[in-house]
J.: 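Before I ask anything, here is the structure I am working with.
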Amino acid sequence: MVTINDVANAAGVAPSTVSYVISGKRSISPKTRRLVEESIRKLGYHPHAGARALASSKTNVLALVVPLRTDLNVAVVMEFVAAAVTAARAHDQDLLLLTKDEGPAALQRVASSAIADALMVMDVEAADPRVPMLIALDLPVVLIGVPDHPAGLSCVDLDFTAAGAACVAHLADLGHRSIALIGPSPAVYRRGTSYATRFLRGFDEAAQGRGVRAVSRPCAHSYEAVSACLDELLAADPGLTGLVVHNEAVLPGLLSDLRHRGLRVPQDISVVAVCPDTMAEQHPVALTTVAIPAEEVGAQAVEMTMRRLGGHTTPEVRLLGPRLTRRDSTAAPRT
């Protein structure tokens, strides 16, 4: 690998002179600059990211903050990450993935270290404690998720309130009058994670508006938790005919448990899932779904970030409308 010392030797100058040419920190004579630049070209020297950042005051790096907690479905999270990586490369940007759950202080440290030009933040809470610090940062910030009070921050997400309502409307239109929501794990609700609380609100409001009996339970990511959740729901309403599953990690266990109970999908019970379309066809019954638009959300988050880097500082909140696709897991309830 060609080093800065190799360039200096070829140009007949000190390594510090090569560094000054790259960074622009000091005035260098045109003749010396030409010698250094010619040596760089001949040797194929590529200065590291830190040196390039000194020269341009830009790192060409976007940081994506996504704490990988045990209650998250990593497969779905990585769909957002992959979309953001692809979109960032289209803008000649690299993506720095920050996965440790360290709170506001860590984000302040990242911003002050100048390792990235902008921040994108996932796993947003309704009353997110990071919001005041993010507003104060002298750095473009885009949230993938929407807190209750964005307060000048740009945000993009699926409209989870409308998604919850769409699931209820689909089942109600088929004639179901007794339904249940299997939600994310209890820890997600305890944190007040924005997408979970917004979906639950849309589900409850739509059920009330349609005159549909509705109950909801959180569910951890284990077969035992799924079985216990179904026990509770069926005990609370033995006439249950429809399930809305806002927890893609439990879908395999849920469908298996329903089979063991002798409940056929959709003949005995209908199931609507909220998950990426890529997961809808991976089960014994093709699932009716409201899609999680990971690719679109990730791409829009990068596009909004680049707009802010380009000087468009007016904050905006983009909520993507839900898209429900009917497949084989929903039908009219048996009379």
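Numbers here simply count residues along the sequence, with the first being 1.
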J.: With sequence neighbours left out, write down each residue that passes side chain to side chain contact (heavy atoms under 4.5 Å, CB included) with H283, or none if nothing qualifies.
T.: L251, P252, L255, L287
J.: Salt bridge between R261 and D231, side-chain N to carboxylate O under 4.0 Å?
T.: yes
J.: Does some side-chain heavy atom of P140 sit less than 4.5 Å from a side-chain heavy atom of D117?
T.: no
J.: Provide the closest heavy-atom pair for A206 versus A165 in the form atom of the first, atom of the second, distance.
T.: CB-CA, 3.6 Å
J.: Under a 3.5 Å distance rule, please check whether N73 uses its side chain to pair with a backbone N or O of N247 as donor and acceptor.
T.: no
J.: Just wondering, are more than 12 heavy atoms of other shown residues or ligands nearer than 6.0 Å to CZ in R327?
T.: yes
J.: Measure the shortest side-chain to side-chain distance between V76 and P276 over non-hydrogen atoms and say whether it is less than 4.5 angstrom.
T.: yes
J.: Let's go through L98 and L64 carefully: what are the C-alpha distance in whole Å and the side-chain angles of both, what is the deciding distance for side-chain contact (heavy atoms from CB on, under 4.5 Å) to 0.1 Å, and is it a yes or a no?
T.: CA-CA 6 Å; L98 305 174; L64 176 60; over 6 Å; no
J.: Give a yes or no on whether the backbone of A280 and the side-chain of T289 come within a donor-acceptor separation of less than 3.5 Å.
T.: no
J.: Quick one: do R318 and E303 make a salt bridge, cutoff under 4.0 Å?
T.: yes
J.: Look up atom CD in E37 and atom OG1 in T32, then write down how far apart they are to the nearest 0.5 Å.
T.: 11.0 Å
J.: Between L137 and V141, what is the shortest heavy-atom contact and its length?
T.: CD1-CG2, 4.4 Å
J.: Return the minimal non-hydrogen interatomic distance between C167 and V290, and the atom names on each side.
T.: SG-CG2, 3.7 Å
J.: Can you sort out the partners of F160 under ring pair (Phe, Tyr, Trp, His ring centres under 6.0 Å), two or more places apart, ordered by chain and number?
T.: Y195, H246
J.: So, the side chain of S270 versus the backbone of G242: is there a donor-acceptor pair under 3.5 Å, distance only?
T.: no
J.: S194 side chain to V146 main-chain N or O, any donor-acceptor pair under 3.5 Å?
T.: yes
J.: Is V226 close to C219 at the side-chain level, that is, under 4.5 Å between some pair of heavy atoms?
T.: yes
J.: Determine, for E38 against R34, whether the closest basic-nitrogen to carboxylate-oxygen distance falls under 4.0 angstrom.
T.: no
J.: Counting heavy atoms not belonging to E248, are there more than 12 under 6.0 Å from its CD?
T.: yes
J.: Taking the side chain as every heavy atom from C-beta outward, state whether L200 and Y189 have any pair of such atoms under 4.5 Å apart.
T.: yes
J.: Return the minimal non-hydrogen interatomic distance between V212 and S178, and the atom names on each side.
T.: CG1-N, 4.2 Å
J.: Check whether any side-chain heavy atom of L62 lies under 4.5 Å from a side-chain heavy atom of M120, and answer yes or no.
T.: yes
J.: Looking at OG1 of T241 and CG of L263, how far apart are the two atoms once the value is rounded to the nearest 0.5 Å?
T.: 11.5 Å
J.: Just checking, is any N or O donor in the side chain of R308 or S154 under 3.5 Å from an acceptor N or O on the other one?
T.: yes
J.: CG/L181 to CZ/R217 distance, rounded to the nearest 0.5 angstrom?
T.: 10.5 Å
J.: Is there side-chain contact between L243 and I179, with at least one heavy-atom pair below 4.5 Å?
T.: no
J.: Are the side chain of E79 and the backbone N or O of A75 linked by a donor-acceptor pair below 3.5 Å?
T.: no
J.: Write down the atom of V131, the atom of P150, and the distance for their closest heavy-atom approach.
T.: CG1-O, 4.4 Å
J.: Does either side chain, that of T288 or that of H170, offer a donor lying less than 3.5 Å from an acceptor on the other one?
T.: no
J.: Would you compute the distance between atom CD1 of I4 and atom OG of S39 and round it to the nearest 0.5 angstrom?
T.: 12.0 Å
J.: Are M306 and V156 connected into the same hydrophobic cluster when the rule is that any two of I, L, V, M, F, W, Y join if their side-chain heavy atoms are below 4.5 Å apart?
T.: yes
J.: Out of curiosity, L95 CG to N60 CG, how far, rounded to the nearest 0.5 Å?
T.: 12.5 Å
J.: Under a 4.5 Å side-chain heavy-atom rule over Ile, Leu, Val, Met, Phe, Trp and Tyr, are L119 and I135 clustered together?
T.: yes
J.: Could you check whether D157 pairs with R198 (Lys NZ or Arg NE/NH1/NH2 to Asp/Glu carboxylate O, under 4.0 Å)?
T.: yes
J.: Kindly say whether G253 contributes a backbone atom to a donor-acceptor pair with the side chain of D257 at under 3.5 angstrom?
T.: no
J.: Step through the shown structure and confirm whether more than 12 heavy atoms of other residues, nucleotides or ligands are within 6.0 Å of NE2 on H312.
T.: yes
J.: What verdict does the side chain to side chain donor-acceptor pair (under 3.5 Å) test give for T305 and Q93, after you've listed the backbone C-alpha separation in whole Å, the side-chain angles of each residue and the deciding distance to 0.1 Å?
T.: CA-CA 11 Å; T305 302; Q93 303 286 311; over 6 Å; no
J.: Report yes if the side chains of D277 and R323 come closer than 4.5 Å at any heavy-atom pair, otherwise no.
T.: yes
J.: Just do the side-chain contact (heavy atoms from CB on, under 4.5 Å) check on L319 and L158 with the steps written out, would you?
T.: CA-CA 5 Å; L319 291 177; L158 172 66; over 6 Å; no
J.: Decide whether M279 and L72 are clustered together by the hydrophobic rule: side chain heavy atoms of Ile, Leu, Val, Met, Phe, Trp, Tyr closer than 4.5 Å, transitively.
T.: yes
J.: Could you tell me which non-hydrogen atom of F80 sits nearest to which non-hydrogen atom of A294, and how far apart they are?
T.: CE2-CA, 3.7 Å
J.: Ignoring hydrogens and geometry, is there a side-chain-to-backbone donor-acceptor pair from S222 to A225 under 3.5 Å?
T.: yes
J.: Using 0.5 Å steps for rounding, measure from the OG1 atom of T17 to the CD1 atom of I28.
T.: 5.5 Å
J.: Less than 4.5 Å apart, side chain to side chain, heavy atoms only: is that true for P315 and L153?
T.: no
J.: In terms of hydrophobic clustering (I, L, V, M, F, W, Y; side-chain heavy atoms under 4.5 Å; direct or indirect links), are Y223 and L258 co-clustered?
T.: no
J.: May I have the step-by-step check of side-chain contact (heavy atoms from CB on, under 4.5 Å) for V302 and H91, ending in yes or no?
T.: CA-CA 9 Å; V302 171; H91 290 280; 3.9 Å; yes
J.: If hydrophobic clusters are built by linking Ile, Leu, Val, Met, Phe, Trp and Tyr wherever their side-chain heavy atoms come under 4.5 Å apart, do I115 and V81 end up in the same one?
T.: no
J.: Which residue pairs pass the side-chain hydrogen bond (donor to acceptor under 3.5 Å, both in side chains) test with at least one member in residues 203-212, sequence neighbours excluded?
T.: D173-R210
J.: Test side-chain contact (heavy atoms from CB on, under 4.5 Å) on L174 and T330; report intermediate values, then the result.
T.: CA-CA 8 Å; L174 289 172; T330 54; 3.9 Å; yes
